Amino acid sequence: MSLTKRKDTLPIPPVDAEKYTTVCQYCSVGCGYNVFVWPEKRNGTAKSNAFKVDLSKQGQLMSGFSYTETMHNVITRKNGNRYNLAIIPAKESRINKGDYSIRGGTNALTAYTPTGVTKDRLKYPLLRKENGFVAISWDDAVEIIATLTKSSMDKYGADSVAMKFYDHGSSGLGFEDNWGAGKFFLSGVKTQYLSIHNRPAYNSEVWGSRERGMHELNYDVDDARLADTIVLWGSNAYEGATVFYTEHIMPNLQGGSIDEKKSEFAPGEPAEEGRIVIIDPRKNATTTVSQDISAERVLHLRPNLGTDWILANALARIAWENNWYDSAYLQKRTDMATFEDYKSKSLELAKPFAAFLADAEKITGVSRKEMEEAAAWMAKPKAGGFKRRTLTLYEKGIIWNMKNYDQVAAIAQLSVLTHNVGRPGTGCGRLGGHQEGYVRPGAPTPGSIYAGGPPKNVDKYITGGGGKIYWVGATDPYLSTPNSKFFKKSVKKRANNLLDYLDNGGIPSDPKAYVAKVLEAYEKTDGLFMIVQDIYKTHTSEDAMLILPAAGWGEAVDTSINCHSRLLRIYDKFMDAPGEALPDWKILALVGNKIKALYTADGNKEMAARFSGMEWKTDAEVFADGAQEFGDNRATEAEEARLSAECYKGVTHEMLRKLGNEGIQTPVRQDPASGKLVGTKRRYQYSFASKDGLFKWYGTDAWTGYPSEIAKYINNPTYPFWFTTGRSQHVWQTMYHDKRIPEKLMTVPLPYLEIHPDDAGKLNLKTGDMAEVFNEEGSCLALVYVNDATKPGLVFGIMFHAKGTMNNLTSSYTDPKTTIPWYKGTKVGVKKYNGKLDDAIKTVSLLSNNDFSMP
Amino acid sequence: MSDISRRKFLQTTSASALLLFSGLGRESQAASVQSYPSRKIANIKDLKVNEALAFNYPDENSPCVLVNVGQEAAGGIGKGKSVVSFSTRCTHMGCPLTYNNGRLVCKCHYSMFDVSRNGQTYQGLASQWVAQVVLRLDAATGNIFAEGVDGLIYGRIGNLKLS
């Protein structure tokens, strides 16, 4: 018996099918896709079709053309007619070359259909009444929000409005929506209580690198094929940035890019198969796949949680002691005044080398031998004295580590010390989670504590009773914020207090009367008016007062960049949004324009001016308006470092439509000689992004142990396990689409926990059992996998899942320098649950997901 | 090539056939119901646990494996419902799959399929589960027949539509 219903034939697009180019809605890789739409009953033929492929023949392996069951759907347009939709990976994209991941391969399945798995998309604004949500008109919704926001600002100040909005590219929609949200909240409302998607504050996750003068996206996909050594530090590329691994890292490890190296390297420079250093407490899929390719060219370091900056400094000290650096480069490109601080605090040159390394070994749990080998693989010059080329990519294992600022700074500095930035095959930055598309007016907090920060913690503000309006856009904090159980409990209480007050005597139907009663409630209760703007109802929206329906990927024109080449492309609109759903920028413009009108009516010109400039009619206008934020981008190649990383000034939607999958790499500069727009392949060859162009060194903190939020568990036998979290290759973020796709939910039916066989034996746990993971913050019930991914004493859980969140267990600790949380480390107890969830067990595979051993 | 002559395409527009093909709420197009050949591929007593038998189905250009996985498997036949069969074209990009201890594995990009769970991609890149061959056991003789394919064979617009 089949677990799912399958297809054994697919419809063929006719030659004249509508064709659009887009980019995958999911991860940082940004694979190119082509979209075909054609009337349901008017198919092409095997020989004559829009794919321009002879479909009468068996397709060959690795041909770059794939059209599978999951790449097709049938949509209904606003005209009521049904159309076939095929979304297939683009062979002509240099990012993916026809390759695709298990996420992107299902892009078509996520399209809205009135009878399919996505039928419960939000279609109308919904207001919470006595017995649940009822649809209201956009006019009423806009009037309620605008009047309430204005009244709240007038009475309680701008900080009475708090927001948690995504700021990324692709799935949420990129530059257009981010400019819309930015204009509304940063220019209009001007609240300090802003936060970015899952996290508690409005900040960069990599100020530790940016404040050195180095933006985190400084490399190109080609560098992963050219590198002598790739370092993946807290970044599980095979699962998280899959096609970047399979198309760019894997060929390098296999020796498939040696010819490319030869053509790019200096004459006589050794060009060999790549090596990889994986720094991760977990033996994840990236590690075991890489080991299967070539175990002798894989080095796996497993530091204790929270200790990575000590490890990075130790590797830097080893490079220093061995003279694996170029003094001339350091003198020319880096600030030698601040270098003294780095030498004294990070390299600790006053401490004897042996004693320094002994301390590092003790703190990190990584042996001196492993450290010396890793440092050599990263920095030791090659035969003939040629500088090694090392590409270092970190992600959430570093960013969401204890001491976010110092972790990122230490890795950035290790790379610059060894001149592994600005040359082919090098780079140091983020692997990325999602794509990017950030353009907004200046944020209230420009940087870390060293640059005007830290930013306000919105979670603590809201849970502490602060704020009157809390606007949540395309994020689900009940699952994704750290310490989520406490957050949910607090918000629910405040939302219910407001609802109880409104309900007493009846909830007014007239928008003006409704707002008047909310304002009355603000005086009498700690009520919180939560607005959730999303494509589906979410865990958080159950406590919203108002839910706003947003357009999704493919339903509006979007532009974004990927992470591994900063490749700007168009994500064209190929279908209508369901019901009355609107792009986020348009929703914010409607409310902004209404507030402007209200202030104009009051005669308050100053406030009306703050909300002006949102009169856009099209996506293209928003894109062009946002570009003004980047300022003058006339610059020579050697001046690229002074441009904002995502600068696209001068580029238009029409231009991007013509460029298709080729796109253009940001920062885009206007070349002074030719006047033409030119993209930037690789950054910081000539200078860094500081005022004087020099890289700014920073002396990191010494090891001081764990913060009190975690220290309380240490030596407490009730919580014997260190606990870390991560993602699964199969599902994207909170599974907002994936929980609706049967194959995905069957494969990952529940939150899961990985535990080492030694620990599992003591708890009498085996794969397929259920266990409760718990600590003083909260608990989560999880499906157990016993495998060697974790070390004894360390358990791993999927960060969040549609059916439960491990963030119930994470603490409220944030790095005091940046307000970035430590999602990736706490301590827990594990208790066997005496029952089985049979329906899930019957569909889920219980095979180990990090075992790639071949026959 | 002999199988190809036995192919039939039954055009249908009946409501019941449309319903049959639109499972799990997903929009699906049911332009045709294909008729697969019935072919004897092995006798159940010849199968050893975890030793895969290679054969081609529904035509000679479509490699498959038959295996007794030694435990109950979705779509399995035999006393323990443990005998299953799959296409060995990886649904990701068409590379050959190899059977190994309950899994079909692809060396190209490391997609891994669980043969006890309908060829579920439990790890790796393939967004489509591997296509499963529908089996029938003749109780009297122990002969195993391949009689259909559930899911699309990689590289085809239809499992039976090659020229």
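Since the model is a prediction, treat every value here as computed from it, not as a measurement. Convention: sequence-line order gives letters A, B, ...; per-chain numbering from 1.
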_B:Gln128 vs A:Thr70, side-chain contact (heavy atoms from CB on, under 4.5 Å): CA-CA, chis, key distance, verdict_ = CA-CA 6 Å; B:Gln128 183 196 304; A:Thr70 63; 4.2 Å; yes
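- For residues 46-95 of chain B, the ring pair (Phe, Tyr, Trp, His ring centres under 6.0 Å) pairs, not counting sequence neighbours, are A:Tyr100-B:His92, B:His92-B:His109.
- Interface remark: of the candidates A:Thr106, A:Val844, A:Asn850, A:Val844 forms the most heavy-atom pairs closer than 4.5 Å to chain B.
- Ranked by heavy-atom pairs under 4.5 Å with chain A, the first of B:Gly119, B:Ala131, B:Ser62, B:Ala126 is B:Ala126.
- Only the side chain of A:Glu239 comes within contact range of chain B, judged by heavy atoms closer than 4.5 Å.
- Side-chain N/O atoms of A:Glu743 and B:Gln120 include no donor and acceptor closer than 3.5 Å.
- The two residues A:Gln58 and B:Asn61 have their closest heavy-atom pair at CB-ND2, 3.2 Å.
- Across all their heavy atoms, B:Tyr110 and A:Phe852 have their closest contact at O-CE2, 3.5 Å.
- Using a 4.5 Å cut-off between non-hydrogen atoms, no part of residues 134-144 of chain B approaches chain A.
- The ring pair (Phe, Tyr, Trp, His ring centres under 6.0 Å) analysis of residues 117-159 of chain B, with sequence neighbours excluded, yields no pairs.
- Looking at B:Ser111, the atoms closer than 4.5 Å to chain A (heavy atoms on both sides) all sit in the backbone: N, CA, C or O.
- Of all the listed residues (A:Thr242, A:Ile293, A:Leu85), the one sharing the greatest number of non-hydrogen pairs under 4.5 Å with chain B is A:Ile293.
- Annotation: the span from B:Leu125 atom CG to A:His730 atom NE2 amounts to 10.0 Å, rounded to 0.5 Å.
- Both the backbone and the side chain of B:Thr121 come within contact range of chain A, with heavy atoms under 4.5 Å apart.
- For A:Lys739, the NZ atom sits in a packed shell: over 12 heavy atoms of surrounding residues, nucleotides or ligands are nearer than 6.0 Å.
- Of the listed residues (B:Gly124, B:Ser116, B:Cys95, B:Cys108), the one with the most heavy-atom contacts under 4.5 Å to chain A is B:Gly124.
- Using a 4.5 Å cut-off between heavy atoms, A:Ser728 does not touch chain B at all.
- Remark: side-chain polar atoms of B:Asn118 are paired, donor with acceptor, to backbone N or O of A:Leu3 under 3.5 angstrom.
- Between A:Pro11 and B:Ile157, the closest heavy-atom pair is O-CD1, 4.3 Å.
- Contact detail for B:Arg117 and A:Ile841: the closest heavy-atom pair is NH2-O, 3.1 Å.
- Contacts between A:Lys119 and chain B at a heavy-atom distance below 4.5 Å are absent for every atom of the residue.
- Using a 4.0 Å cut-off between charged side-chain N and carboxylate O, A:Asp292 and B:Lys107 make a salt bridge.
- Annotation: maximal heavy-atom pairing with chain B below 4.5 Å, among A:Gly105, A:Gly64, A:Ala46, occurs at A:Gly105.
- Of the listed residues A:Thr118, A:Thr843, A:Val748, the one with more heavy-atom pairs under 4.5 angstrom with chain B than any other is A:Thr843.
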A:Ser853 and B:Arg103: CA distance, side-chain angles, deciding distance, side-chain contact (heavy atoms from CB on, under 4.5 Å) verdict
CA-CA 11 Å; A:Ser853 54; B:Arg103 318 169 300 167; 3.7 Å; yes
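- Put simply, of B:Gly94, B:Gly151, B:Gly155, the one with the most heavy-atom pairs under 4.5 Å next to chain A is B:Gly151.
- Of the listed residues A:Thr68, A:Asn849, A:Thr246, A:Leu847, the one with more heavy-atom pairs under 4.5 angstrom with chain B than any other is A:Leu847.
- Shown here for B:Asp114 and A:Leu846, the closest heavy-atom pair between the two residues is OD2-N, 4.1 Å.
- With a 4.5 Å cut-off on non-hydrogen atoms, A:Met250 touches chain B through its side chain but not through its backbone.
- Distance check, rounded to the nearest 0.5 Å: CG of A:Leu10 to CG of B:Asn159 gives 9.5 Å.
- Rounding to the nearest 0.5 Å gives a distance of 7.5 Å between OG of B:Ser127 and NZ of A:Lys744.
- Considering only residues two or more places apart in sequence or on other chains, A:Tyr83 meets the ring-ring contact (aromatic ring centres under 6.0 Å, His included) condition with none of them.
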Walk me through it: do B:Arg156 and A:Asp8 pass the test side-chain contact (heavy atoms from CB on, under 4.5 Å)?
CA-CA 9 Å; B:Arg156 298 182 174 206; A:Asp8 65 358; over 6 Å; no
